[in-house]
2 protein chains.
Amino acid sequence: MDKPNSEQFESTEQRIFEAAHELFTLKGMAGAKMQEIADRAGINKALLHYYYRSKEKLFEAVVKAVIRKVMPKFLQILESELPLLEKLEHFVDTYIDVIRQNPFVPLFVISEMNKHPDRFFDEIVPKDLPRLDFFYKQVEEAVATGLIRPVAPRHLVINAFSLCVFPIIARPMARIILGISAEEMNQFLDERKKEVKSFLLHAIRP
Amino acid sequence: MDKPNSEQFESTEQRIFEAAHELFTLKGMAGAKMQEIADRAGINKALLHYYYRSKEKLFEAVVKAVIRKVMPKFLQILESELPLLEKLEHFVDTYIDVIRQNPFVPLFVISEMNKHPDRFFDEIVPKDLPRLDFFYKQVEEAVATGLIRPVAPRHLVINAFSLCVFPIIARPMARIILGISAEEMNQFLDERKKEVKSFLLHAIRP
DNA sequence: CCCAAAATTAACCAAACGGTTAAATTATAT
DNA sequence: ATATAATTTAACCGTTTGGTTAATTTTGGG
């Protein structure tokens, strides 16, 4: 007999993980309840403890997976072989796209990192994260050849991240600051890729 | 007889509010517990319900006070009579200062706004928030006179906010991205005011 | 000094929570 | 087919949580 359930093709463990991912990113560790996760996964609550021993373990699994998947992705763009200006444009385009598709993930990561900084540095963040050595060198060379004005490479990185991430994760706050409707806000975010690229490149031109 | 307690000069209601403010901003609504708040305020748990009827009411009181105090402050800087470029520098200086002194408040506001957007727009955000009409006009004039290159005023506002706020609220994440120690991160944030001002002004120069 | 109102507390309660257990069901290999 | 292991469930347990109650203490005005 077939089960009456809908998603037959993922394993129970996967279903649990996805439900947990959804609710943890939406409500945080304390806000998401085990029963809720079980309901969303369409299984009994005891199964959560069968596959993941405790709430903390389940939470850690989600956080670890998110970080290990997302973090290297963007550092790799910065470490790629593209010319500096193209690279910055590519970074903005792909980063804004991904964050708009998963708007809750970055805020979740930032929040939980602030609540338990030690855990992250000790256990969760992968030790083999790409360093930005190549990118830094590239910036210094661009400064030396006069392609761009003198800028501190580390600040450039953080500025690029800030301009991409913040308006999306702080979307309701931005709406209030600008005093615009939800539709206007959507339009505003649609303009962002172009505006951020322009802003970044103008900021570093010689 | 004097009470053995330390802060004699604030009312009980104030003490409760401050304890709640501290714990809510630190742990969020779900993460902060009523007993914890009572302990920190040095009073019996029932007093929380005596002064504020429920956890939600207490939470709302804190959120409302924070927003009503912080939000107009910065919009007013943008609406002040200063010349545009000085105004932007002043904005960056004061904003970065305030956020570094209360690093958890903006993340708290952003998080809770994302969790309950409706409540904020309906109940919490003051209806008389300053509009940025004067600032927008000022930017357009500066563009017309050639003081700055053509920029979309609303994007300029959000860019300024992003560059100031994000590195501070995402401090642990920034540390990981940059791969630097806690002390280096402090130094990095110390450099921020100068760097952001420079970055902003270079980005909009003609 | 007295008394009514306000402030504060200890004890308690029901619901929600994370977690466990033992039994039942399903899958797997022989 | 059958025995064994893996999976799933219903029922339960102790603790924590937000909230209440009734009694006690403190306060302030007449």
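Every chain is numbered from 1 and lettered A, B, ... according to where its sequence line falls, protein lines coming before strand lines.
Taking only side-chain atoms of A:Thr12, from C-beta outward, the nucleotide of D:dT8, D:dT9, C:dA6 with the closest atom is D:dT8. For A:Tyr51, whose side chain is taken as the heavy atoms from C-beta onward, the closest listed nucleotide among D:dT7, C:dA10, C:dT8 is D:dT7.
Rounded to whole angstrom, the span from the OH atom of B:Tyr52 across to the P atom of C:dT8 amounts to 13 Å. The interatomic distance linking A:Asn44 (CG) with C:dA23 (P) rounds to 17 Å, in whole Å. What separates CD of B:Glu36 from C1' of D:dG19 is a distance of 17 Å, to the nearest Å. The nearest whole Å value for the distance from the CD1 atom in B:Ile43 to the C1' atom in D:dT26 is 16 Å. Distance A:Leu47 CG to C:dA23 P: 18 Å, rounded to the nearest Å. The separation between B:Leu48 atom CG and D:dT17 atom C1' is 13 Å, rounded to whole Å. Distance B:Glu13 CD to C:dT8 P: 10 Å, rounded to the nearest Å. For B:Ile16 and C:dA7, the CD1 to C1' distance is 11 Å, given to the nearest whole Å.
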List, with names and distances, any nitrogen or oxygen atoms from the protein found under 3.5 Å away from nitrogen or oxygen atoms belonging to nucleotides 13-18 of chain C.
| residue | atom | partner | partner atom | Å |
| --- | --- | --- | --- | --- |
| C:dG18 | OP1 | A:Lys55 | NZ | 2.8 |
| C:dG18 | OP2 | A:Met34 | N | 3.0 |
| C:dG18 | N7 | A:Lys45 | NZ | 3.2 |

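Heavy atoms from other residues, nucleotides or ligands lying under 6.0 Å from CD of B:Glu191 number more than 12.
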Determine, step by step, whether B:Asp39 and B:Lys45 satisfy the salt bridge (Lys or Arg N to Asp or Glu O under 4.0 Å) criterion, reporting the C-alpha distance in whole Å, the side-chain angles of both residues, the deciding distance to 0.1 Å, and the verdict.
-> CA-CA 8 Å; B:Asp39 291 347; B:Lys45 195 185 54 160; over 6 Å; no

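Applying the side chain to side chain contact (heavy atoms under 4.5 Å, CB included) rule to B:Asn186 yields the partners B:Arg100, B:Arg171; only residues at least two apart in sequence or on another chain are considered. Under the rule for a ring-ring contact (aromatic ring centres under 6.0 Å, His included), the partners of B:Phe24 that lie at least two apart in sequence or sit in another chain are B:Phe59.
At distances below 3.5 Å, at least one donor-acceptor pair connects side-chain atoms of A:Arg15 with backbone N or O atoms of A:Ala41.
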Donor-acceptor pairs under 3.5 angstrom involving side-chain atoms of residues 103-121 of chain B: please list them, not counting sequence neighbours.
| residue | atom | partner | partner atom | Å |
| --- | --- | --- | --- | --- |
| B:Ser111 | OG | A:Ser111 | OG | 3.3 |
| B:Ser111 | OG | B:Leu107 | O | 2.9 |
| B:Glu112 | OE2 | B:Met29 | N | 3.4 |
| B:Asn114 | ND2 | A:Ile169 | O | 2.7 |
| B:Asn114 | ND2 | B:Ile110 | O | 3.2 |

Identify all side-chain donor-acceptor contacts of residues 130-140 of chain B below 3.5 Å with residues at least two apart in sequence or on another chain.
| residue | atom | partner | partner atom | Å |
| --- | --- | --- | --- | --- |
| B:Gln138 | OE1 | B:Lys87 | NZ | 2.7 |
| B:Gln138 | NE2 | B:Leu82 | O | 2.7 |

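In the model, B:Arg154 has no side-chain atom that pairs as donor or acceptor with a side-chain atom of B:Asn159 under 3.5 Å. In this model, no donor atom of one side chain and acceptor atom of the other lie less than 3.5 Å apart for A:Glu183 and A:Gln187.
For DNA chain C, no neighbouring residue in residues 19-28 of chain A is found when judged by any heavy atom under 4.0 Å.
The shortest distance between the side-chain N/O atoms of A:Tyr50 and the OP1/OP2 oxygens of C:dT20 is not below 4.0 Å.
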